[in-house]
Each structure stands twice: as C-alpha cells, then as structure tokens.
Amino acid sequence: MSTIRRYHAAAWDEAIVFELGAPGRRGVVPPASWAPPSTEPSFAPGLRRESPPALPELAEYEVRRHYTHLAQQTLGMMGVSLFGTCTMKHNPTVNEQVGARHEIAEVHPRQDPSTYQGVLGIVHSFEAELCNLSGMSAFSFQPGGGADAAYLHAVITRAYHASRGELAQRTQVVTTAQAHPCNPAAAVSAGFEVITLPIEEGGYPSVAALKAVIGPKTAALMLNNPDDMGIYNPHITEFIDAVHDVGGLAFYDNANFNGVMTRLRARELGFDACMFMLHKTFGAPKGGNGPSVGAYGCSEELARFLPGPRVVKNGEAYELVEPDGSVGRVREFLGNVPQVIKAYSWTRAMGTEGLRTAADISVLANNYMEKRLMAIRGVSMSLPGKALPRLEMTRYSLEEYRVETGLTGGDVQNRMTDFGIDAFWMSHEPWIVPEPFTPEAGEMWSKEDLDEWIDVLEHVLEEGRRDPELVRTSPHNQAVAQIDGSGLNDPETWAVTWAAYRRKHAQV
Ligand SMILES: Cc1ncc(COP(=O)(O)O)c(C=O)c1O
C-alpha cells in the first residue's frame, strides 16, 4: 500500500519575534517556589547591567502563537529526515530537560569551580566514557563542531612536531578523496600542504598509494572510516602503521561512528587522536559551530597539547587546569557544556549494549534501504558492481535519471519536501559521484518511515518523467518556494543574530 501522504505547510508570513508585541505586554511563568528568595543574589561590582536588555515584550498567547507558527512552517524533523554523513538524530526531550536544569543553564563559566562541582563531575565522567569508547586517554569538548576538532588536530600536530624539533621538515598532511573536506581544510589552515589519495579499483585508497607519498615530510594522516560513501577500508591498520613508521600522526575523523559504535576503538586501531560528533552520533542538537561539539580525543602523549581548561579530579574535588604544552583555545571555556550534558544523558540511557544495538540497527536499516532503492529505475550506487558492503550509509547517484529527464538531484530533493520529507543530504564531495545523494537510515526511524521515504522518492521520479516542470519548479507545498541562495555565501548579507542583522543593515 502506498505511504504517500497529502501534505501542505502553513504559510504565515510571520514577523520575527523582535518585531512583535508592544511595551508592557507580559506573560507569567510561575517560579518553582512562590516564596521570595531569602537573600538578594550578590553580584561583583560592574556585573549588573545599567539598562535593561532590548528584549521584545509580548503577551503569553503571542509568544505561543509565534512559535507555533514557526513550527508549522518548519519541515526539519517534522517529516522523515534521513540526512546522511551527519547521522541526524532526534534530540530526546528528556536530554533537553536535563540540559535546561537551572543547575546547568544558569552556571556562569567564570564562577568559582567549587560552586558547580556537579557539572564538572559530569564533564569528567563523560570524558571517561568517550575514552572508553575510543581507547584514547583524554578528551577536549572545546571544539564547536567536527571541523573545529579537525582543526584542533592539525594545530596539535604542529605542536607535537615542533616539540620534537621537526616542524620545519614535517610539512605534509595526507588525506583521502572520500574524507570530509574539513580534514584537508584544517590542515591547510594550520599551514600544511595536503596530499589527497584517490579512491582506487578496490573502492578505497591502497596502502601502496599511501606508501608512495609518505616520508620524512609527513606530519599526519587525517581520514574517516567508514568513509563518506559508507565504505570501510579494511587495511586501516596498515595505513596507520606506515604513517607511524615515517614519524607522522594518525587522526581518525570518527564522524561516521554510528555504524561501528562499540565495534571498534580508535586507539586499538592505532590512531593517535580521534573526534566524535556529540551533535550527531550522541543525540545532541546539531548546528554548524553553534550548539555543536566536536569532542577531540587523543593519546596520553598528545594530551599535554590539549586546549585548557581541562577538568581533573583531585581527591573528591574537580579542578580546572591548563595543560603544560597547550596549543591554546579553539573556543571559550569548556565549550558547549549543555551539549556535553545532553550527550552524557543520551549515552547513559543507551548503555554499552544499547549503543551496540543502535550501531547494528543503523547498518541493517541502511542495507534494507539499499536493497529497495537499487530496485528503483534511475537510481544507481557509487562504485557499482563492487561487492563492497556499506555500513551506516550508501552514496547513490541520480545521474541516469538526469540524463533521462534533465532533472537534477536538487530538483528531486525539493519535490520530496512537498510530501513532508526533509531534504536529503547530497554529498560533501559532489565532484566524485555525479548527482549524488546520501540518505542515512540510522537506528531511530521505523521501517514504515523508511518505506515512506523510499515511496516518495520513487513517486517523485515518476512524476518527473511525466511532468518535469512540476518537479523543476518545486517545492509547491512548502511555506516558502524556491529561495534565492545567492546571499548565503556573502557575509555582508547574512546574519545569524538580530543584533548582527541590525548592524549589517545599518539599523543601529
Ligand atoms: C565525516 C565528517 N567529518 C567532519 C564533518 C564536519 O562536522 P561539523 O559539521 O560538525 O563541522 C562532517 C559533517 O558533516 C562529516 O560528515
């Protein structure tokens, strides 16, 4: 039976919250206790602000109406969202509630650490959990995302070789064509030259190709495995050994950890450092360098280079210390601590067995999808005809379909949103597989959800054969039709906060 549903988003033409309301409007949220506080909170001189913040003033119903409207206009996570190479997960409410507890949300990083020992205890315990999952000796939660963690590794690589008097000689970082572009970008930002290994006949770069490019100039290897096509390179330990033999470091971009959780540990494979995405694999909310955390883990030898402060346990107390050889900060304080707490809550709820089951389900679900998608006319797979198992995701191509109809993956993606399906992820490396798309089933979605997603794709492809214009001009059922994306790469135009918008558009 078809699972295609009729769907239409609401369109409210909603003003932003700063433009709503009027002075004096109020709503009431009862405090936990109606009793007045016994003492006025004391602030250090200079901390109390002199004028009230420029916040909008709204009645309760206006606030509720505003956010309901926004929710009705938003597709994200309302439909089925299979956003590959990012392991897009539902963010459980329980973790949001834990992260919003006042003991966490109201802590100021400049408070004396003795006043938020519980928070530090959680950060410390979660570090131990990630050490357990990776085999690494220490973690920093400071990087504000995966790319930031890759950058931290590049900077630590520099510090490590400098400490051995070899920085001038170690100028090259080796990566692969299927590594996320943040790896070469981080290496270049830290001053290295990048060597990219191509994907070969076998489906991944060969050890021979690696050995041909490494030597006394090699500073580090930076890659992911499984790669961004879901393919696991089984020769990974030979890669790492070869890089170690020439004196380089090996960094594991573990962003694609979902399908291998508890099945492998970065340190046991030989890696010197790795990173996990708390905002992907560990169920915390995602957002580019916003609320995200790229947890960076490393060996005991590299731990002295980590950014400070680090949480250490001294007797019963937790303290903040600066490592001796620290490379400095990549972000403020301990990073996005509420995210760490949500990820900790998620991991504790899952337990080791839960993580293993989730990893296995994500691989099973992907393989189920793969079987169904490969039966659809116009869909093909990267590296076709190779008996290469895919783990938690598979990269597909709509190239045959484009040749047949003139429609692109972007057109198909837009039209799928007309059926309440979140836009799929195409590819971080769009130059390798033509018209790519990379859905990731994950462990969370039900079989009915996956079937619905696949049915909608099949339906849209057929629609495009009958009426290409319908698909090319989509979406038609969304709050906003096709948008002009030309300003998205222009820092003079876009703004992520209201204050920045007003500044950039000269309203202040
Ligand atoms: C394999 C891989 N590495 C690194 C990143 C970068 O992570 P972030 O978006 O958190 O900077 C991504 C993001 O999609 C990724 O898929």
Side-chain angles (χ1 to χ4, degrees), residues 1-11 71-93 230 258-259 280 283 286 357-358 360-381 390-398 401 405 407-427 435-467 470-472 474-481:
M1 198 177 76
S2 169
T3 53
I4 310 243
R5 288 185 284 175
R6 204 164 70 83
Y7 164 82
H8 204 299
Q72 288 169 347
Q73 295 188 120
T74 304
L75 183 55
M77 280 303 195
M78 296 295 144
V80 185
S81 184
L82 309 184
F83 202 85
T85 90
C86 274
T87 317
M88 193 69 86
K89 290 188 183 181
H90 171 66
N91 309 134
T93 306
N258 213 52
K280 298 178 184 175
K286 185 173 161 64
T357 306
D360 292 353
I361 291 176
S362 74
V363 175
L364 178 68
N366 181 50
N367 281 273
Y368 170 75
M369 271 194 86
E370 189 179 294
K371 205 161 172 87
R372 275 210 60 197
L373 285 172
M374 289 314 294
I376 298 177
R377 186 160 67 94
V379 176
S380 62
M381 194 167 143
R390 308 299 148 100
L391 296 188
E392 86 294 5
M393 64 186 164
T394 301
R395 178 147 302 155
Y396 303 93
S397 171
L398 286 171
Y401 184 71
T405 61
L407 294 167
T408 64
D411 297 327
V412 172
Q413 180 192 49
N414 280 346
R415 181 61 181 154
M416 283 178 78
T417 68
D418 276 340
F419 297 92
I421 298 289
D422 288 18
F424 52 61
W425 180 243
M426 291 174 169
S427 171
E435 296 304 326
F437 71 106
T438 321
E440 184 175 340
E443 72 275 16
M444 180 192 95
W445 303 97
S446 66
K447 180 171 173 297
E448 301 89 82
D449 291 327
L450 300 182
D451 283 333
E452 179 181 351
W453 197 98
I454 297 163
D455 289 348
V456 170
L457 175 74
E458 189 167 21
H459 176 81
V460 167
L461 296 184
E462 278 312 316
E463 268 187 340
R465 288 188 174 101
R466 284 195 311 274
D467 184 356
L470 174 76
V471 175
R472 189 172 290 114
S474 63
H476 307 286
N477 302 343
Q478 282 296 324
V480 182

Test item: [X] and [Y] side chains (from C-beta on) under 4.5 Å apart, heavy atoms:
{"X": "L450", "Y": "L82", "value": "yes"}
{"X": "K286", "Y": "K89", "value": "no"}
{"X": "Q413", "Y": "W425", "value": "no"}
{"X": "S474", "Y": "V460", "value": "no"}

Test of understanding: with side chain to side chain contact (heavy atoms under 4.5 Å, CB included), list the residues that count as partners of [X], not counting sequence neighbours.
{"X": "T405", "value": "Y401, L407, R465"}
{"X": "R6", "value": "none"}
{"X": "T394", "value": "N366, E370, M381, R390, Y396"}
{"X": "S446", "value": "E448, D449"}

**OP:** Decide yes or no on side-chain contact (heavy atoms from CB on, under 4.5 Å) for E463 and D467, but give the supporting numbers first.
**Re:** CA-CA 6 Å; E463 268 187 340; D467 184 356; over 6 Å; no
**OP:** Show your reasoning for whether side-chain contact (heavy atoms from CB on, under 4.5 Å) applies to W453 and M369.
**Re:** CA-CA 10 Å; W453 197 98; M369 271 194 86; 3.8 Å; yes
Minimum-distance pair of heavy atoms, taken over all atoms of [X] and [Y]:
{"X": "A479", "Y": "A9", "answer": "N-CB, 3.6 Å"}
{"X": "P475", "Y": "V480", "answer": "CG-O, 4.0 Å"}
{"X": "L391", "Y": "N367", "answer": "O-ND2, 3.9 Å"}
{"X": "M426", "Y": "T438", "answer": "O-OG1, 2.6 Å"}
{"X": "G442", "Y": "A365", "answer": "O-CB, 3.6 Å"}

Which residues satisfy the salt bridge (charged side-chain N to carboxylate O under 4.0 Å, His left out) test with [X], sequence neighbours excluded?
{"X": "R395", "answer": "E429"}
{"X": "D451", "answer": "R372, K447"}
{"X": "E452", "answer": "R5"}
{"X": "R472", "answer": "E469"}

Determine whether a donor-acceptor pair (N or O, by modelled atom type, separation under 3.5 Å) exists between the side chain of [X] and the backbone of [Y].
{"X": "T417", "Y": "D422", "value": "no"}
{"X": "D411", "Y": "T408", "value": "yes"}
{"X": "S81", "Y": "F83", "value": "no"}
{"X": "D455", "Y": "I4", "value": "no"}

**OP:** Start with the C-alpha gap between V456 and V80, add the side-chain angles, then the distance that decides, and say whether side-chain contact (heavy atoms from CB on, under 4.5 Å) holds.
**Re:** CA-CA 11 Å; V456 170; V80 185; over 6 Å; no
When rounded to the nearest 0.5 angstrom, what distance separates [atom1] in [X] from [atom2] in [Y]?
{"X": "M88", "Y": "N91", "atom1": "CE", "atom2": "CG", "answer": "9.0 Å"}
{"X": "I361", "Y": "M444", "atom1": "CD1", "atom2": "CE", "answer": "12.0 Å"}
{"X": "I376", "Y": "I454", "atom1": "CD1", "atom2": "CD1", "answer": "6.5 Å"}

Subject >> Residue that, paired with N258, satisfies side-chain hydrogen bond (donor to acceptor under 3.5 Å, both in side chains) out of E443, E392, K280 >> reply: E443
Subject >> Test side-chain contact (heavy atoms from CB on, under 4.5 Å) applied to L470 and R415, step by step >> reply: CA-CA 8 Å; L470 174 76; R415 181 61 181 154; 3.7 Å; yes
**OP:** Please list, chain by chain and in numerical order, all residues satisfying side chain to side chain donor-acceptor pair (under 3.5 Å) with H476, sequence neighbours excluded.
**Re:**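 For H476 the side chain to side chain donor-acceptor pair (under 3.5 Å) partners, ignoring immediate neighbours, are T473.
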**OP:** Please list, chain by chain and in numerical order, all residues satisfying side chain to side chain donor-acceptor pair (under 3.5 Å) with E440, sequence neighbours excluded.
**Re:** T87
Original post:
Which residues pass the ring-ring contact (aromatic ring centres under 6.0 Å, His included) test with F424, sequence neighbours left out?
Top reply: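 Per chain and number, F424 pairs via ring-ring contact (aromatic ring centres under 6.0 Å, His included) with F437.
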**OP:** With sequence neighbours left out, write down each residue that passes ring-ring contact (aromatic ring centres under 6.0 Å, His included) with H459, or none if nothing qualifies.
**Re:** F419
